[in-house]
Amino acid sequence: MFNQVAQDVHTLHGQVSQEGTEVEMSEYLSRFSLEAVGRTALGYSFGPLDVHGTDYSLALKEFGPTLVKLHLWRPILPWLKWLFPLSVLRAAASVFPWKVVRHMQAISDNVYQTSREVLRKKGEAIKQGDAAVRQEIGEGKDLISILLRQNILGLEGERLTEDDILGQMSLLLLAATDTTSASITRVVQLLAENPKVQETLRHEILEATTHAGRTLFDLDYDAFAKLPYLEAVVRESLRMYPVFYMANRVSDEDALLPLSEPITGTDGKPIHELFIPAGTTIWLNMLGSNRDPAIWAPDAHEWKPERWLAPLPASVADARTPSVFANMSTFAAGPRSCIGYNYALAEMRIAIAHLVLAFKFTPSDKEIVWKLGGIVSPSVRGSDSMKPEFPVVMSRV
Ligand code: HEM
């Protein structure tokens, strides 16, 4: 499925000359990630990738930056919901004298209405029977079709309400789209800045495809994961540039947190563990852990895909960093870790392979800065746009 979506990179060919054209890739890569999750998780297509700026994709993109502006006020939301009916809160939000609140309401209405429309169409197809489902993208094997079928078969009392399903759909779309597209954008930027790495990567992919008489469409999930240099580029980019640089957790009970290195107290004595009372919010510094020289080697702050081609230092395993992937914190760990990390990895490998085979990337004259919102997102220095921006010069290979 990713391969099919990635095939649409060819829609970019029309915009790119042989010698090099500056292309705004951010919008395009967001649409790519949205289309990938649309087809695989929802069994729904949001349309051709070169149709940009639909209200829906803009709403998803602006969700993170807008949410960050409201961050301080979030703790009062449960209280407001408890005190007032939803209709009163809606009416109040629509006249609230702060633009950010009204904007958040418009975003959330848009995501909700789109999810509802997708759900309505899926419900109808399932009611019409197998033939109608087979007409659908993915033939009804997507997550929401499976959930809906189980819901129909499930026992009374075990079924999810429509609002539950809509909530799951919106969460999936929000969690899957900008995270993965920002990570792919970062890889494209790093490849543009490191022509040697880009060339080595293209060479590896050509060896596995054209030179072996195959195309990228002949490679399956395992084959993509077994391209060592591609894997090294993906891992090193996720290590150095996790899109969620911090996450928080609240301790359920009193606990002692052991420290990897002792810190010195105000009395001059070393402290080896911290007492964490129940209810304490703890911020996890994922970026810091991924770049800790004591764990990853003194050159931990450098982007070096080659580090993954040799055995990693013993300190990486010894650190026992809570992790679901490659000893890094990028996808968090434990019961609230990322449920889509394998999906994200597959999407990244396939998108990057298609892009590198089709285009050469060089940096644009415009300086790219990454803004720390809910997730990091690219922007041009000096621009006040709310939307992510990533101009890059592309030439056809
Ligand atoms: C490179 C891309 C991605 C990164 C770096 C990433 C990272 C993360 C992180 C760090 C969390 C935990 C957030 C927190 O605790 O505050 C998370 C949660 C989550 N992710 Fe991802 N993610 C990515 C892609 C995806 C994709 C593609 C999907 C779905 C297909 C997905 C689905 C989710 C969901 C549903 C959660 C919430 C889990 C829960 O709260 O129980 N993510 N992700």
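The first residue of the sequence shown is numbered 1, and numbering continues consecutively from there. When a ligand or atom number is given, it counts from 1 through the structure's own listing order.
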Check: Do you know which two heavy atoms are closest between Thr179 and Val243, and how far apart they sit?
Finding: O-CG1, 3.8 Å

At less than 3.5 Å, what protein N or O atoms come close to the N or O atoms of ligand 1? Include the distances to 0.1 Å.
from, atom 1, to, atom 2, distance (Å)
ligand 1, 15 (O), Arg249, NH1, 2.7
ligand 1, 15 (O), Arg249, NH2, 2.9
ligand 1, 40 (O), Arg336, NE, 2.8
ligand 1, 40 (O), Arg336, NH2, 2.6
ligand 1, 41 (O), Arg336, NE, 3.0

Note to self: Within the 4.5 Å heavy-atom criterion, are Tyr44 and Ile144 side-chain neighbours or not?
What the structure shows: no

Next item on the list: Could you tell me whether His354 and Phe217 have their ring centroids closer than 6.0 angstrom?
Entry: yes

Only distances under 3.5 Å count here; give the side-chain donor-acceptor pairs of residues 299-312 to other protein atoms, sequence neighbours excluded, each with its distance to 0.1 Å.
from, atom 1, to, atom 2, distance (Å)
Asp299, OD1, Arg307, NH1, 3.0
Asp299, OD2, Lys304, NZ, 2.9
Trp303, NE1, Ser237, OG, 3.2
Glu306, OE2, Tyr229, OH, 2.7
Arg307, NE, Glu236, OE1, 3.2
Arg307, NE, Glu236, OE2, 2.9
Arg307, NH1, Trp296, O, 3.4
Arg307, NH2, Glu236, OE2, 3.4
Arg307, NH2, Asp299, O, 3.0
Arg307, NH2, Glu302, O, 3.0
Trp308, NE1, Glu236, OE1, 2.9

Next item on the list: Supply the members, apart from Phe275, of the Ile/Leu/Val/Met/Phe/Trp/Tyr cluster built from side-chain contacts under 4.5 Å; use none for a lone residue.
Entry: Leu256

Item checked: Under 4.5 Å side-chain linkage, directly or through intermediates, the cluster mates of Ile271 -> Leu257, Leu259, Ile263, Leu274, Ile276, Ile282, Leu284

